[in-house]
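Here is the naming used below: chain letters follow the sequence lines, and residue numbers restart at 1 for every chain.
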Protein chains: 2
Amino acid sequence: MRLIVIGGDAAGMSAASQARRRRGPDDLEILAFEMGRFVSYSACGIPYWIGGQVDGPDALIARTPEEFRKNGIAVHTRHEVTGIDLDARTVTVRDLDAGRDRREGFDELVYATGASPVRPPWAETDAGGVFGVQTLEDGSALRAWLDTEKPESAVVIGAGYIGIEMAEAMINRGLRVTLVERSAQPMGTVDEDMGTLVADAVRGLGIDLRTGVTVEGLETANGRIAAVVTDAGTLPAGVVVIGLGVRPNTALAAAAGLPLGATGGLRTDLRQRVADGVWAAGDCTETHHRVSGRQVHVPLGTHANKQGRVAGINLGGGYATFPGIIGTAVTKVCDLEVARTGLGSREADQAGFQYVTATVESTNRAGYYPGATPMTVKVLAERGTGMLLGAQIVGKAEAAKRIDAFAVAVWNRMTVGEMTGLDLGYAPPYAPVWDPVLVAARKAEDKLRG
Amino acid sequence: MRLIVIGGDAAGMSAASQARRRRGPDDLEILAFEMGRFVSYSACGIPYWIGGQVDGPDALIARTPEEFRKNGIAVHTRHEVTGIDLDARTVTVRDLDAGRDRREGFDELVYATGASPVRPPWAETDAGGVFGVQTLEDGSALRAWLDTEKPESAVVIGAGYIGIEMAEAMINRGLRVTLVERSAQPMGTVDEDMGTLVADAVRGLGIDLRTGVTVEGLETANGRIAAVVTDAGTLPAGVVVIGLGVRPNTALAAAAGLPLGATGGLRTDLRQRVADGVWAAGDCTETHHRVSGRQVHVPLGTHANKQGRVAGINLGGGYATFPGIIGTAVTKVCDLEVARTGLGSREADQAGFQYVTATVESTNRAGYYPGATPMTVKVLAERGTGMLLGAQIVGKAEAAKRIDAFAVAVWNRMTVGEMTGLDLGYAPPYAPVWDPVLVAARKAEDKLRG
């Protein structure tokens, strides 16, 4: 029996590793093909590498191809799968360095091709100095540009997680940075009122944040980026980073007749199966949102790892399911911590919920304890049932991971009323006697009873 | 209608405030009697005041008697209730400063007398320099002794939360500190293997921790403490702090015929009611442990606040219940963070559970992110069902409050298998891609499957 894995990052290599744990080399041969030079790395760490807080790229690599090979997983980097024939049970692979194609047969297939940065038509350019940041190669190319070209000014397009992290990374390197966002507030994954807190922090870093601004094109000169043209003027730029989100890489799957969902991601069953003997995991798939009930595309390393593990367990003869997601995400903007879980207001509206919101100001520690800093917590609770639909946190320290208590509560469909009784950790260095999580739940309950 | 509150700390004043919110002064007169000089303060902050990290006692006071009075709650400090006549609906109150007794009638009564430090027979002494730390007055007395007598050496008896916090506070003040504990490891609320990590940290602070040592008596000279006599030698001491836990203050309630549980705490119903028109909350009560199903006495400010609130809501004509506890607790020992929730091994044994344990080493942040430090996580899961029974965490930073994710999971009777799918917050500054919580759940699940 032979397993072929397409894509050597978190999802694919988790699947390969789990399958190997359960089935030895005599039972299952495992081949993994990866287009790039690296496998199994933390793309989430790229902004910190660019910003100089982390050494890269080696530090970001969880396991090298050699380590996988020692474990009986034949990893081939710089190998691109260009076709899948499900009837013949073969893939066509191009050795990118040798420039040769070959066919490889499989019994089982894991499709884990990830996602690619969205590039609007105006961003299609061969000019130097325009980057996305999705792969380690992207990170290397950007680092090299910054090191050798020493641009003085950067424009980052899109103020989501990646855009903000990249803007901060380049401010840390001493560039003048403009961050352009089409919406009224940065970080559209949190509500606008929470987004204004993020905007303040971003501007506090010295980043020139321009919201409500639409990019219309790029100006190049001598094959290099020169400026970003917007509906509010032209912004000179020695380097441009595009952070407009990503789209699942599914062209190969679609050509092979594998099913895509409305999000554009591959549609899997609970076991991450796409078709007979074909599995998919990670950023190329869509998944189930447990609160909205909708299919969603949420490209995050934490889901990719879990989904890959689930696929690998099933491949290996075990049984595991991926239970869906609830939209938890955390990020750091300088010393500001931002977190969310469940549904934000826009998502809750779209899903058809009616709800109350409650926003509270509290602190991370007892008010009298050294280092106590403010924290804003917002919760959404369904009218009638009182079910917690979502929560958002913005704070200065020890704030973001408080989202996990909300996440487990959302997961279990707790009501905010039930939550007020929760036995959370209390000691002055860690929380006020009423943890901010509980204060927010109390206020939402009060509003529901209103 | 008149409400009398006995005891002016967290539980009593929470009840009074909630009742006042719902019923105006024309509808309900509220009198609160407090033996001490202070009401509504954070006893948990006393060690930090002693250690000099926090200014006291004012900073530890949440609200003064005057503030309550402005809110229509007649607070009488230095007033001790010495008798309750349930038939006549009166209490006897002694004005401690004036030395006079009087009777006051009530329609509703809140009993919130708290708890007092356990004092073994050998600790009954009038000698100066021997302290418990339960009230702000205790804290003041200890501060005064340290400031005026300037002892060079301290012995702290009992290495639970309070004992360790007090030992650290006195090391911070420059005393030589010996910490004596009868058990093999400090902090009996966590398992012994986790306790050894605490022991290392305590010793790392320069505290002379002596475990497996039993105190047999105190030596005094000229009306002052001179030494602590143990079964392993005599320890000279210029000041002694006793941290052997507390017992509920229920003598008054028992004399009035109110029901006590086997733990010695007052037995309440779900609404914190003890008898017709009589309510109780806080450290003087026992409560229900949601995992073991047992009645327990867990004196913590966080429970006292919640129970007081519940009593006050019901008193005010609303409806609320206290759902019980799951034994969550967090503490800080220098830069070591210690947390627990649910049942430890000894409690699980006592309750009759069979279970597996899984202990993992992980980090608070992505391994490559600056400031990543190790964290040990131990979980207990029931055989067969896989239900999470409890969790313990010892780490250096951003460790303790991770217990909240476990706490909400225990609360909802999640299995460790379900937990492996949880959508917890992930970003390199906050967690590895598999949060330590998930890694521990995975390992426990693996062990359950054998």
Side-chain angles (χ1 to χ4, degrees), chain A residues 10 42 44-45 48 53-56 59-60 161 290 300-303 305-306 309 321-332 337 339 341 366-370 398 400-405 407-409 411-412 414 418 420-431 433-435 437, chain B residues 10 42 44-45 48 53-55 59-60 161 290 300-303 305-306 309 320-332 337 339 341 366-370 398 400-405 407-409 411-412 414 418 420-431 433-435 437:
Chain A
S42 173
C44 313
Y48 311 106
Q53 293 140 281
V54 167
D55 289 334
L60 302 183
Y161 294 110
R290 292 168 64 95
L300 273 182
T302 178
H303 305 324
N305 271 280
K306 290 193 190 83
R309 176 173 178 263
T321 60
F322 184 73
I325 62 129
I326 55 173
T328 310
V330 292
T331 192
K332 198 168 172 65
E337 304 193 351
T341 191
Y368 56 80
Y369 194 86
E398 296 137 21
K401 280 294 266 180
R402 273 184 161 84
I403 206 69
D404 286 351
V408 185
W411 192 271
N412 288 285
M414 290 186 82
E418 287 175 277
T420 63
L422 277 174
D423 187 2
L424 302 183
Y426 163 61
Y430 303 117
V433 69
W434 286 97
D435 192 275
V437 169
Chain B
S42 172
C44 312
Y48 311 106
Q53 293 140 280
V54 167
D55 290 334
L60 301 183
Y161 294 110
R290 291 168 64 95
L300 274 181
T302 179
H303 306 324
N305 271 280
K306 290 195 191 83
R309 176 173 178 263
T321 60
F322 184 73
I325 62 130
I326 55 171
T328 311
V330 292
T331 191
K332 197 168 172 64
E337 304 193 351
T341 191
Y368 56 79
Y369 194 86
E398 298 137 20
K401 281 293 266 180
R402 273 185 159 83
I403 206 69
D404 287 350
V408 185
W411 192 273
N412 288 286
M414 290 186 82
E418 286 175 276
T420 61
L422 278 173
D423 187 1
L424 301 183
Y426 162 62
Y430 302 118
V433 70
W434 286 96
D435 192 276
V437 168

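- Heavy atoms of Thr420(A) lying under 4.5 Å from chain B belong to its backbone as well as its side chain.
- Residues forming a salt bridge (Lys or Arg N to Asp or Glu O under 4.0 Å) with Asp435(A) (at least two apart in sequence, or on another chain): Arg402(A), Lys401(B).
- When the candidates Ser42(A), Gly324(A), Ala427(A), Gly421(A) are compared by the number of heavy-atom contacts under 4.5 Å with chain B, Gly421(A) comes out ahead.
- Side-chain contact between Pro429(A) and Tyr48(B) is present, with at least one heavy-atom pair separated by less than 4.5 Å.
- In terms of heavy-atom pairs under 4.5 Å with chain B, the best-connected choice from Arg290(A), Met414(A), Glu398(A) is Met414(A).
- When heavy atoms are compared at a cutoff of 4.5 Å, Ala339(B) does not approach chain A at all.
- With sequence neighbours excluded, the residues satisfying side chain to side chain contact (heavy atoms under 4.5 Å, CB included) with Ala10(B) are Ala304(B), Asn305(B).
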Side chain to side chain contact (heavy atoms under 4.5 Å, CB included) for His303(B) and Asp423(A)? Distances and angles first, verdict last. CA-CA 8 Å; His303(B) 306 324; Asp423(A) 187 2; 3.2 Å; yes

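- Of the two parts of Thr331(A), only the backbone, made up of N, CA, C and O, holds a non-hydrogen atom closer than 4.5 Å to a non-hydrogen atom of chain B.
- The choice from Tyr430(A), Tyr426(A), Tyr368(A) that makes the most heavy-atom pairs within less than 4.5 Å of chain B is Tyr430(A).
- The shortest non-hydrogen separation linking Cys44(A) to Pro428(B) is O-CG, 3.6 Å.
- Of all heavy-atom pairs spanning Tyr369(B) and Val54(A), the tightest one is CA-CG2, 4.3 Å.
- Residue Gln53(A) touches chain B through both its backbone and its side chain, counting heavy-atom pairs closer than 4.5 Å.
- Looking at Ala405(A), both its backbone and its side chain come within 4.5 Å of chain B, counting heavy atoms on both sides.
- With respect to chain B, the highest number of heavy-atom pairs below 4.5 Å among Leu424(A), Val437(A), Thr302(A), Ile325(A) belongs to Leu424(A).
- Counting heavy-atom pairs under 4.5 Å between each of Ala407(A), Ala400(A), Ala329(A) and chain B puts Ala400(A) at the top.
- For the pair Ile326(B)/Leu422(A), no side-chain contact is recorded, criterion being any heavy-atom separation below 4.5 Å from C-beta on.
- The choice from Val408(B), Asp55(B), Thr321(B) that makes the most heavy-atom pairs within less than 4.5 Å of chain A is Val408(B).
- With hydrogens and angles disregarded, no donor-acceptor distance shorter than 3.5 Å links the side chain of Asp404(A) to the backbone of Asp404(B).
- With a 4.5 angstrom heavy-atom cutoff, Ala366(A) does not touch chain B via any of its atoms.
- If you tally non-hydrogen atom pairs under 4.5 Å between each of Leu300(B), Thr341(B), Ile403(B), Leu60(B) and chain A, the highest count goes to Leu60(B).
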